Amino acid sequence: MRTDALVFDVDGTLADTEEAHRVAFNLAFEQVGLGWKWTRADYRRLLATTGGKERIARHIAALDLSEAERAELVARIPHIHASKTRLYSAVVRDGAVPLRTGIARLLDEAAAAGCRLAIASTTTAANIDALLHATLGARALDLFGVIACGDQVAAKKPAPDIYRLALRHLGVRPERAIAFEDSANGLRAARAAGLWTVVTPTYWSEDHDFPDASLRLPHLGDPATPLTGEPGNRLREQAWLTFAELNSLREAALS
Ligand code: XBP
Ligand code: MG
């Protein structure tokens, strides 16, 4: 069965964005007068909670506060997160975060082969627009037929809802689609939605377990940045994942 769609997670998959998110969170906390500062160790732990607003709520839940203090902070989460999103999207729109290795190449190969492209992400549309505008320019809107993201679903990853929404808008069945993810939550969401899933971890998720990843690679590779040990380890044709080989790997696994 031919692959009809590739569905990409954004943060950590299309681009290694979480350090930029962490810095934006800390700048927003400072801007709104909160003395919070998330270290990389804090943030790596907090990333177990998907969604920036949910992540702030989890931080508040761990603080030693009176009920009144907690309620006051919880009421401020939308404002804090809006400040963070403004700070983050401005930095990304300026080009601070590039696409990961092989992403632009694979998008072009898939599009040239007539394969649909979509996004299924927990982050906001504003953040995705900033990243796509900065990295792919106007052609991004032609490349991605569907962008499913943020609060369009109540249940965020690891729930499958955002992937199911993307597939519904694409009109593609899960067994004809491939997901690209970077985290354990993302893998669980994609697998629960029934998609064959490629995982490319980053620093933030390298210690995660990916028990049912269909294919795990350090990144997608490029002719200029070949994958160590490939071809021959997980790939048979090139030292980078081509759309043609991706398609044949999935078909071989499902046959
Ligand atoms: C990763 C997330 C997001 C980002 C922060 O999203 O969980 O919450 O960490 O972005 P993805 P927001 O599904 O793309 O990996 O603050 O906008 O949520
Ligand atoms: Mg991600």
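Worth saying up front: this structure is predicted, and the values here are computed from it rather than measured. Side chains are part of it too, since the values below use all heavy atoms of this structure and drop only hydrogens, waters and symmetry mates. Order of listing sets the numbers, starting from 1, for every ligand and every atom in it.
Ligand 1 lies within reach of Tyr43, whose nearest heavy atom is under 4.0 Å from it.
Distance check for Asp9 against the Mg ion (ligand 2): an N/O/S atom falls below 2.8 Å.
Every N/O-N/O distance between Thr85 and ligand 1 stays at or above 3.5 Å. Between Leu47 and ligand 1, no pair of N/O atoms sits closer than 3.5 Å. The shortest N/O to N/O separation between Asp9 and ligand 1 falls below 3.5 Å. Here's the thing with Thr50: none of its N/O atoms is less than 3.5 angstrom from an N/O atom of ligand 1. In terms of polar-atom proximity, defined here as any N/O pair under 3.5 Å, Thr122 does make such a contact with ligand 1. Looking at Gly51 next to ligand 1, an N or O pair under 3.5 Å apart turns up.
Of the N and O atoms on the side chains of His59 and Trp38, at least one donor lies less than 3.5 Å from an acceptor on the other residue. A side-chain donor from one of Thr49 and Arg58 sits under 3.5 Å from a side-chain acceptor of the other.
When non-hydrogen atoms are compared, ligand 1 lies under 4.0 Å from neither the backbone nor the side chain of Lys53. Contacts of Asn127 with ligand 1, taken as heavy-atom pairs under 4.0 Å, involve the side chain alone. Only the side chain of His81 comes within contact range of ligand 1, with a heavy atom under 4.0 Å; no backbone atom does. If you look at Lys156 next to ligand 1, there are no close heavy atoms at all, none under 4.0 Å.
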Open item on the list: Could you walk me through whether Arg22 and Trp204 satisfy the side chain to side chain contact (heavy atoms under 4.5 Å, CB included) test, starting with their C-alpha distance in whole Å, then the side-chain angles of each, then the deciding distance to 0.1 Å, before giving a yes or no?
Closed with: CA-CA 11 Å; Arg22 183 183 73 90; Trp204 300 100; 4.1 Å; yes
TODO: Start with the C-alpha distance between Asp42 and Lys37, add both sets of side-chain angles, then the distance that settles salt bridge (Lys or Arg N to Asp or Glu O under 4.0 Å), and finish with yes or no.
DONE: CA-CA 9 Å; Asp42 294 332; Lys37 200 161 183 64; over 6 Å; no
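From the protein, the heavy atom lying nearest to atom 10 (O) of ligand 1 is Thr123 OG1, 3.1 Å.
The pair Asp108-Arg139 meets the salt-bridge criterion, since a charged nitrogen lies less than 4.0 angstrom from a carboxylate oxygen.
Annotation: side chain of Leu99 is in contact with side chain of Leu136 (closest heavy-atom distance under 4.5 Å).
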